Protein chains: 2
Amino acid sequence: MKFVAEIEILPLKGLLDPQGKAVANGLPKIGITTASNVRIGKFITMDLEAESADEAHKMAENACKKLLANLIMEGFNIRITAQ
Amino acid sequence: MKFVAEIEILPLKGLLDPQGKAVANGLPKIGITTASNVRIGKFITMDLEAESADEAHKMAENACKKLLANLIMEGFNIRITAQ
């Protein structure tokens, strides 16, 4: 079966996020004054061929841990949907 | 009211995604051989103070169009949740 994995990777809470800080500073200049706590990370999608959603989730988790995320500084969240 | 905006930004379909290509090439080396169509973009979260979810969505859309996304090369998707 074919699944789509959507992976969100964000810097862990409490860690410095200079990119997020830069965007937070830029938002008032385009008229958005009520934004706070801006955090910026990566968004990754991939198609996965797997036996079950569970197996696809394990594959995506494996990819995050070994390749996509830096677990010391980042956390990840995975969504699997059947295609 | 306080809302959380989650913004996904991805390179448009059909456009070259060299970062996604690099990850796709790396996945078989960690044992994931059934992945395809890997695409990599940005994931942004922010807290927004707004009158309604609709207003928060408009603010996030504005931020995407004017600051966060390059609309020539990227598409975006916004999720708003009440906090």
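All chains are named by letter (A, B, ...) in the order of the sequence lines, taking the proteins before the strands, and each is independently numbered beginning at 1. The model shown is predicted, which means the values in this text are computed figures rather than measured ones. FYI, side chains are in, hydrogens and waters are out, and symmetry mates aren't considered; it's all heavy atoms of this structure.
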Joint cluster assignment, [X] & [Y], ILVMFWY side-chain distance < 4.5 Å:
{"X": "A:Met1", "Y": "A:Ile80", "answer": "yes"}
{"X": "A:Leu15", "Y": "A:Ile72", "answer": "yes"}
{"X": "A:Phe43", "Y": "A:Ile78", "answer": "no"}
{"X": "A:Ile9", "Y": "A:Met73", "answer": "no"}

Top contributor to chain A interface from [options] [non-hydrogen pairs under 4.5 Å]:
{"options": "B:Val4, B:Val38, B:Val23", "answer": "B:Val38"}
{"options": "B:Glu49, B:Glu8, B:Met46", "answer": "B:Glu8"}
{"options": "B:Glu6, B:Met59, B:Lys42", "answer": "B:Lys42"}
{"options": "B:Thr45, B:Ile40, B:Leu68", "answer": "B:Thr45"}

If I take atom [atom1] from residue [X] and atom [atom2] from residue [Y], how far apart are they, to the nearest 0.5 angstrom?
{"X": "B:Asp17", "Y": "A:Ile44", "atom1": "CG", "atom2": "CD1", "value": "10.0 Å"}
{"X": "B:Asn37", "Y": "A:Gln83", "atom1": "CG", "atom2": "CD", "value": "8.0 Å"}
{"X": "A:Lys66", "Y": "B:Ile32", "atom1": "NZ", "atom2": "CD1", "value": "7.5 Å"}

Which atoms form the tightest heavy-atom contact between B:Gly26 and A:Leu67, and what is the distance? C-CD2, 4.1 Å
On a heavy-atom basis, the closest approach of B:Ala63 and A:Ile30 is CA-CD1, 3.8 Å
Which region of B:Leu10, side chain (C-beta onward) or backbone (N, CA, C, O), has a non-hydrogen atom less than 4.5 Å from a non-hydrogen atom of chain A, or is it both or neither? side chain
Quick one: what part of B:Ile7 sits under 4.5 Å from any heavy atom of chain A, side chain, backbone, both or neither? neither
